[in-house]
Amino acid sequence: MKIYNTLTKKKEEFVPIEPGKVRMYVCGPTVYNLIHIGNARPMIVFDTMRRYLEHKGYDVNYVSNFTDVDDKIIKKAVEENVDATVISERYIAECKKDMEALHVMPATTHPQATQEIEGMKEMIQTLIDKGHAYAAADGTVYFRTRSFKEYGKLSHKNLDELEGGKRSLLVSGEDQKEDPLDFVLWKPKKEGEPAWESPWCDGRPGWHIECSVMSKKYLGEEIDIHAGGEDLVFPHHENEIAQSEAANGKPFAHYWMHNAFLNIDNRKMSKSLGNFFTVRDIIEKYDPMVLRFFMLSAHYRSQLNFSAELMEAAKNGLDRIRTAVANLQFLLQSAAGEMRVEEEALLAEAKGFADSFDAAMEDDCNTADALSAVFELVKFINSNTNESSSGTFLQALLDEVLTLADILGLAVEKKEELLDADIEALIEKRQAARKEKNFALADQIRQELLDKGIVLEDTREGVKWKRA
C-alpha cells in the first residue's frame with residue numbers, strides 16, 4: 001500500500017512500525033458547537049482508511065481527540081452563563097451522534113484534553129529540562145522554536161521565511177519571548193476561565209501540546225500515521241513534531257496524511273459568507289449515507305466542492321448500488337441450486353472488480369476510483385443475474401458488493417419500510433417528548449426514523465417528513 005506522505009511530499013510504501021499493527025492518530029474537533037461538514041471530511045476519509053486497513057487484517061489502534069478547553073468554548077460558556085464543561089460535554093455528545101449517523105466508527109480511544117493535563121505538564125517540564133522551553137515572568141511557558149533544528153520539515157517552511165511573516169505564530173505577550181517564533185506551551189489563566197495548578201502559574205495548556213501528549217499516552221512515542229485537515233499542517237502539526245521529537249528524542253509519526261479543503265458552491269466555506277452548513281443541517285435533508293458517499297466521491301487530497309447538484313448526484317449514485325443490492329435480495333428469495341460452470345467463470349470476472357477496488361485503495365486511499373470499481377461491479381451484476389441464476393451465485397455476488405460497501409462505510413441494504421401512519425405516530429411521540437424536555441428520547445426517535453429512511457424537518461408550520 002502506498003501513502004502520500006506530507007513530510008516527504010511523495011507516495012511511499014506503507015511499512016508499519018510493528019508488523020500487523022497500525023498506530024493512527026487523527027486530530028478531532030474543538031467542541032463548542034455542532035460539527036460542520038468540513039469537520040466531517042477528515043472523519044469520514046480517515047475512518048475509511050481505518051476500515052480498509054482492518055479489512056486487510058491489520059490491528060488498528062485509532063485515536064481521535066476532543067479539544068474540550070479552548071477560547072471558543074469559554075466564550076460560549078460565558079454567553080450561556082454556564083461552566084465550560086457543560087458546553088464541551090454537550091457538543092461531544094452531539095458530535096458522537098453525527099459520527100454514528102455517518103457510520104464513523106468510534107475511535108479505539110477518544111481522549112479529552114482536560115483529562116490529560118498532568119501529562120501535558122510533565123512533557124512541558126521535560127522540554128524545559130532539555131532546554132527546549134522556558135517560563136516567562138508571568139508564568140507563560142514558550143517552546144524555543146530554534147532549538148529544534150528540523151523545525152519546518154513538515155510544512156516545508158524555513159525559519160527565515162517564518163521570521164519574515166510571523167503571523168501564524170504570534171500571540172499576546174510578544175515582548176516576553178526570547179524569539180518571535182517561539183510558541184506557547186502553557187498560559188496564565190484569565191478571570192472566569194478554567195485553570196489548573198502548575199509549577200509556572202495557574203493556567204491552561206496551549207493547543208499544540210495536547211495532541212503530542214495524548215498521542216504518546218495512547219499510541220506510544222513513535223506512531224505510524226498522523227492525519228487531519230490540510231489547515232493543520234502549519235502551525236499545529238509542525239509544532240506537534242517539534243514538541244514530541246524534542247521531548248522524546250525519536251521520530252514522531254512516520255506518515256502524515258492531510259485531506260484538502262471543502263468548498264461550498266466553489267467558495268471557501270465561511271460563516272461570514274453565509275455558506276456554512278453543519279452536518280445536522282445536511283442530514284435533516286438527506287440520508288447521512290448520501291453525505292458520506294459524497295465525501296468519498298473525490299480523492300481526499302483534492303479540494304471538494306459541496307453543492308445541491310453534487311449531493312443529488314451522490315444520492316443517485318448511492319441509489320444505483322442500493323437498487324442492485326435490493327434486486328439480488330429479491331432474486332434470492334426464490335433462487336435455489338448450486339453454482340453452474342458458466343456462473344463460476346462469471347464470479348471470477350466479478351472478483352476482478354474487487355481487485356480493482358483494492359488497487360484503488362492501495363494507491364493512497366483513492367476512494368473515488370474505489371467507488372468506480374463498485375459501479376463496475378453493479379453494472380456487471382445487473383447484466384448477469386436473472387430469475388434463472390443459482391442461489392449460490394447470487395449470494396456470492398451479494399456478499400461481494402456488501403463487503404466493498406462496508407469498507408467504504410456505506411449502508412446499502414434496503415431499509416424496513418414504515419407505513420405513513422407509523423411515521424406520524426412516531427413524530428407525535430417525538431413532539432410529546434420535546435414538550436416534556438425529554439430531548440434524549442426525541443433524538444432517539446429522530447434517529448430511529450432516519451435509520452429507516454425517514455428524514456424530518458422542523459419548520460414553523462410543524463414537522464415535515466420525507467422518505468430519503
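One-based numbering along the sequence shown.
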J.: Check this for me: does any side-chain nitrogen of one of Glu100 and Lys96 sit under 4.0 Å from a carboxylate oxygen of the other?
T.: no
J.: Indicate yes or no: does Glu448 engage Lys429 in a salt bridge with an N to O separation below 4.0 Å.
T.: no
J.: Rounded to the nearest 0.5 Å, what's the gap from CG on Asn5 to NZ on Lys11? Could you check?
T.: 13.0 Å
J.: Quick one: pull up CD in Glu89 and CD1 in Ile73 and give me the separation to the nearest 0.5 Å.
T.: 10.0 Å
J.: Ring-plane angle category for Phe252 and Trp256, please: parallel below 30°, perpendicular beyond 60°, tilted otherwise.
T.: perpendicular
J.: State whether Asp71 and Lys75 are salt-bridged, where the test is any N-O pair (Lys NZ or Arg NE/NH1/NH2 against Asp/Glu carboxylate O) under 4.0 Å.
T.: no
J.: Donor-acceptor pair, His36 side chain versus Leu34 backbone, under 3.5 Å?
T.: no
J.: If the threshold is 4.0 Å, N to carboxylate O, is there a salt bridge linking Asp422 and Lys452?
T.: no
J.: Salt-bridge test for Lys466 and Glu457: reply yes if a basic N is under 4.0 Å from a carboxylate O, no otherwise.
T.: no
J.: Between Lys351 and Asp355, is there a side-chain N and carboxylate O pair less than 4.0 Å apart?
T.: no
J.: Going by distance alone, is a donor N or O of one side chain under 3.5 Å from an acceptor N or O of the other, for Tyr25 and Glu240?
T.: no
J.: Does a donor on one side chain and an acceptor on the other come within less than 3.5 Å for Asp369 and Ser372?
T.: no
J.: Taking the side chain from Asp59 and the backbone from Lys21, do they hold a donor-acceptor pair closer than 3.5 Å?
T.: no
J.: Could you check whether any side-chain N or O of Glu12 sits under 3.5 Å from a backbone N or O of Lys2, counting only pairs where one atom can act as donor and the other as acceptor?
T.: no
J.: Spell out, as yes or no, whether a donor-acceptor pair under 3.5 Å connects the side chain of Glu238 to the backbone of Ser155.
T.: yes
J.: Quick one: pull up CE in Met295 and CD1 in Ile37 and give me the separation to the nearest 0.5 Å.
T.: 5.5 Å
J.: Determine whether Lys56 and Val22 satisfy the following criterion, side chain to side chain contact (heavy atoms under 4.5 Å, CB included), listing intermediate values before the conclusion.
T.: CA-CA 11 Å; Lys56 299 304 285 186; Val22 177; over 6 Å; no
J.: Can you tell me how far OH of Tyr286 sits from CZ of Phe294, rounded to the nearest 0.5 angstrom?
T.: 10.5 Å
J.: Using a strict threshold of under 4.0 Å (side-chain N to carboxylate O), is an ion pair present between Asp98 and Arg280?
T.: yes
J.: Could you check whether Lys187 pairs with Glu193 (Lys NZ or Arg NE/NH1/NH2 to Asp/Glu carboxylate O, under 4.0 Å)?
T.: no
J.: Would you say Asp364 and Tyr300 are linked by a side-chain donor-acceptor pair, where the criterion is simply a distance under 3.5 Å?
T.: yes
J.: Which pair of heavy atoms, one from Ser212 and one from Gln243, lies closest together, and at what distance?
T.: OG-NE2, 2.9 Å
J.: For Phe183 and His208, take the angle between the two ring planes, folded into 0 to 90°, and tell me which bin it lands in: parallel under 30, tilted 30 to 60, perpendicular over 60.
T.: perpendicular
J.: Determine, stepwise, if the pair Thr403 / Asp406 fulfils side-chain hydrogen bond (donor to acceptor under 3.5 Å, both in side chains).
T.: CA-CA 5 Å; Thr403 295; Asp406 185 61; over 6 Å; no
J.: Classify the side-chain pair Glu118/Trp196 by whether it contains a donor and acceptor separated by less than 3.5 Å.
T.: no
J.: Looking at Lys97 and Glu94, is any side-chain nitrogen of the basic one under 4.0 Å from a carboxylate oxygen of the acidic one?
T.: yes
J.: Classify the ring geometry of Phe14 against Tyr58: parallel below 30°, tilted from 30° to 60°, perpendicular beyond 60°.
T.: perpendicular
J.: Of all heavy-atom pairs between Asp224 and Val15, which one has the smallest distance, and what is that distance?
T.: OD1-O, 4.5 Å
J.: What heavy-atom pair brings Ile209 and Gly206 nearest, and what distance separates the two atoms?
T.: CG2-O, 3.2 Å
J.: Would you kindly say whether Ser356 and Glu376 are connected by a side-chain donor-acceptor distance under 3.5 Å?
T.: no
J.: I'd like to know if the side chain of Ser88 reaches the main chain of Val31, judged simply by a donor and an acceptor atom lying under 3.5 Å from each other, with no hydrogens or angles considered.
T.: no
J.: Aromatic rings Tyr151 and Phe234: how do their planes relate, parallel, tilted or perpendicular, breaks at 30° and 60°?
T.: perpendicular
J.: Rounded at 0.5 Å granularity, tell me how far OG1 in Thr367 sits from CG in Leu296.
T.: 4.5 Å
J.: So, Asp399 and Gln395: side-chain donor and acceptor under 3.5 Å apart, yes or no?
T.: yes
J.: Is it true that a side-chain atom of Asn61 and a backbone atom of Tyr218 form a donor plus acceptor pair closer than 3.5 Å?
T.: yes
J.: Would you call Asp70 and Lys76 a salt bridge, using N to O less than 4.0 angstrom?
T.: no
J.: If only side-chain N and O atoms count, and only distance matters, is there a donor-acceptor pair under 3.5 Å linking Glu222 with His254?
T.: yes
J.: Using 0.5 Å steps for rounding, measure from the CZ atom of Phe46 to the CE atom of Met49.
T.: 8.5 Å
